[in-house]
S.K.: 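Let me give you the structure first, and then I'll get to my questions.
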Amino acid sequence: MASWTSSQFLYEETKPCGIQFLERFKRSGRLSFKQYQALVFTLTFVAYIAFHAARKPNSIVKGTLSASTVRGGWSPFDGPDGTALLGQIDLAFLSVYAVGMFVAGHLGDRLDLRTFLTIGMIGTGLFTALFGVAFWANFHSFYYFLAVQVLAGWFQSIGWPCVVAVLGNWFDKKRRGMIMGVWSAHTSLGNITGSLLASGLLRFGWGWSFLGPALLITFLGLVVYFFLPVNPPTVGAERDGTEVDSTMRLGDTITESFLGSRMSTGFDRKAIGFMAAWKIPVIGGEYLSEETSGNLSTLFDVGGVVGGVLAGYISDQLDGRAITAAGFIYLAIPALFLYRIYGHISLTINIILMFTSGVFVNGPFALITTAVSADLGTHKSLKGNARALATVTAIIDGTGSVGAAIGPVLTGYISAISWDAVFYMLMTAALISGLLLTKLIITEVKAMLYGSSDEGEAATSSSPATRAPIDVLL
């Protein structure tokens, strides 16, 4: 088995000073490989929790910013075109995020991932805080908010390629589905953390809703810089002889299907304006406060945690990523339909159906953007170039982000017709995504029956196409 050497990198990687400090307290003078794995898992997990938490204030405070009659709103979003202006800011953020993903992935394979990730986290914290600064500085320029969000979108795009690449450097293919299924819970936990933090601080003024998550991600960015080991050679870690890490094998051959997509969704209940989901949510005839509705929305992400772990476990047992992802996607269709029809009856039914939708929507999202990305990044066509993992991950997630950018825009227009039409749009997107996986499902079934080894090639050519339709669900 060949090992990595520093000659394979375009820069000299060094052991983080925080790890050097920890090793002073070890009798052996160094951490074990499993301790390094635990450290990498934890740091990348909390890092992306912080990234997602930093995105949530926008959705939590939208109702406050555009509330022209309830709380006075905030110019320029409190006028009749306030909803459209907020939509433009969302579109700008997601567009830059999607494009930036490709650039960040390319750079991530050529720069120190630890430093690059730290820059992304601190930059995200800075521009998230600057959005909230407008509250105290009394800024009301639309172009100020637009510029801040555009720059925040760029720094946000750095996070995903980096964390997936680092994690892929430390964990082998055999149990990657289960490990990354658990790890992918960061998405839902980040949304929950961000929602609770932003909702809780909203009572002190909407600026605090941005400052809290900004300080969190900035602090964790510094922790990442001082403690995150990018790969085993950097810290001189060696695996036990009984285990082999496929991402560390030159010329490694992966014969597993790959696919790419990104899924997420939200909900609203009445055929009213686009911002009504945040301003006046109604369940069982009861109008909920912005804080309560924000807290309630976290149940979708709680379901996502369960779905991510479940999808990863099932895909490992079946040895079929596409089969598992498609199964969850098809089950998401009736889940969304039932939520739209019965979600308004009572709070209990709403919670159950929201949780269920989160399981089936976020399950394949977690599988596709983690285990599948890591599998694809170690495909034999890369000839053992593990440094390509960040670029591959960025292509998959960046392509899917196109759907994430289109989704809110379509929702804004379609909701003017009815919210039933919005849910039909989401279900149609899920159906298309499932159908696009048909070829990969057939390939995986053939592999199970006949031991075929062509899954990787088939999926590699098809994976990006599955992303955008699913991402409309975001």
Side-chain angles (χ1 to χ4, degrees), residues 1-51 104 107-125 158-172 175-176 179-180 182-183 185-186 189-190 215-249 370 374 377-378 386-387 389-390 393:
M1 180 183 71
S3 60
W4 287 358
T5 63
S6 60
S7 63
Q8 291 177 271
F9 305 97
L10 301 181
Y11 55 89
E12 181 179 357
E13 295 176 318
T14 59
K15 181 182 294 187
C17 59
I19 290 180
Q20 297 180 40
F21 176 78
L22 291 178
E23 289 180 338
R24 293 181 181 179
F25 299 95
K26 292 282 293 183
R27 290 185 178 180
S28 61
R30 64 191 309 174
L31 301 178
S32 68
F33 194 89
K34 289 186 176 180
Q35 287 174 327
Y36 276 120
Q37 284 184 314
L39 182 63
V40 169
F41 185 98
T42 302
L43 288 179
T44 54
F45 186 80
V46 298
Y48 220 69
I49 283 179
F51 272 110
L107 292 176
D109 285 334
R110 290 155 179 81
L111 301 174
D112 177 21
L113 287 171
R114 177 169 58 93
T115 302
F116 196 38
L117 178 58
T118 300
I119 292 173
M121 296 180 73
I122 293 179
T124 296
I158 295 175
W160 188 248
C162 291
V163 294
V164 174
V166 172
L167 197 72
N169 291 342
W170 285 93
F171 292 91
D172 60 21
R175 297 179 58 198
R176 186 177 288 157
I179 291 172
M180 288 193 161
V182 176
W183 179 76
H186 58 61
L189 291 178
L215 293 175
L216 174 65
I217 193 171
T218 300
F219 170 75
L220 290 176
L222 296 175
V223 174
V224 163
Y225 181 77
F226 287 115
F227 290 96
L228 181 66
V230 172
N231 54 57
T234 302
V235 293
E238 297 180 359
R239 296 189 66 107
D240 296 333
T242 56
E243 295 186 81
V244 179
D245 191 343
S246 64
T247 64
M248 299 167 63
R249 219 185 273 161
T370 54
T378 56
R387 293 293 294 171
L389 186 53
T393 300

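Predicted, not measured: the structure shown is a model, and the values here were computed from it.
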S.K.: I need the minimum non-hydrogen distance between Asn169 and Pro232, along with the two atoms involved.
M.R.: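 Result for this residue pair: O-CD, 3.7 Å.
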S.K.: Check for a donor-acceptor pair, side chain of Arg114 on one end and backbone N or O of Val230 on the other, with a separation under 3.5 Å.
M.R.: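 Not a single qualifying donor-acceptor pair exists.
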S.K.: Looking only at heavy atoms, what is the nearest atom pair of Val40 and Leu228, with distance?
M.R.: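 Between these two residues, the closest heavy atoms are CA-CD1, 4.4 Å.
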S.K.: What is the distance from atom CZ of Phe41 to atom CZ of Phe171, rounded to the nearest 0.5 Å?
M.R.: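 Here the rounded value is 6.5 Å.
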S.K.: Which distance, rounded to the nearest 0.5 Å, do you find between the CD1 of Ile122 and the CG of Leu220?
M.R.: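 Answer rounded to 0.5 Å: 10.5 Å.
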S.K.: Run through Leu222, Ile217, Val223 and flag the one making a side-chain contact (heavy atoms from CB on, under 4.5 Å) with Phe219.
M.R.: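 Testing Phe219 for a side-chain contact (heavy atoms from CB on, under 4.5 Å) against Leu222, Ile217, Val223 leaves exactly one candidate, Val223.
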S.K.: Flag the pair Phe45 / Val182 as yes when at least one side-chain heavy-atom distance between them is below 4.5 Å, and no otherwise.
M.R.: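 The answer is no; the side chains never approach within 4.5 Å.
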S.K.: Leu117 pairs by side-chain contact (heavy atoms from CB on, under 4.5 Å) with which of Tyr225, Trp160, Phe51?
M.R.: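 In the set Tyr225, Trp160, Phe51, the residue that makes a side-chain contact (heavy atoms from CB on, under 4.5 Å) with Leu117 is Phe51.
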S.K.: Step by step, work out the side-chain contact (heavy atoms from CB on, under 4.5 Å) result for Ile19 and Phe226.
M.R.: CA-CA 7 Å; Ile19 290 180; Phe226 287 115; over 6 Å; no
S.K.: So which heavy atom on Cys162 is nearest to which on Phe116, and how close?
M.R.: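 Closest approach of Cys162 to Phe116: SG-CD2, 3.6 Å.
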S.K.: Compare every heavy atom of Gly159 with every heavy atom of Tyr48, then report the nearest pair and how far apart it is.
M.R.: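 In this case the closest contact between Tyr48 and Gly159 is CE1-C, 3.7 Å.
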S.K.: Measure from the side-chain N and O atoms of Gln20 to the backbone N and O of Lys15, and report whether any donor-acceptor pair falls under 3.5 Å.
M.R.: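 Indeed, once roles are kept as given, a pair shorter than 3.5 Å links the two residues.
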S.K.: Are the side chain of Thr42 and the backbone of Leu39 linked by a donor-acceptor contact shorter than 3.5 Å?
M.R.: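 Looks like no, no N/O pair under 3.5 Å.
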S.K.: Between Glu23 and Leu31, is there a side-chain heavy-atom distance shorter than 4.5 Å?
M.R.: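 Yes, close enough: below the 4.5 Å cut-off.
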S.K.: For Trp183 and Thr44, work out which heavy atoms get closest and say how close.
M.R.: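 Between these two residues, the closest heavy atoms are NE1-OG1, 2.9 Å.
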S.K.: Quick one, Asn231 and Leu113 - any side-chain contact, counting heavy atoms below 4.5 Å?
M.R.: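 No; the side chains remain at least 4.5 Å from each other.
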S.K.: Assign the ring pair Trp170 / Phe33 to parallel, tilted or perpendicular, where the plane angle (0 to 90°) is split at 30° and 60°.
M.R.: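 Tilted, since the angle between the ring planes falls between 30° and 60°.
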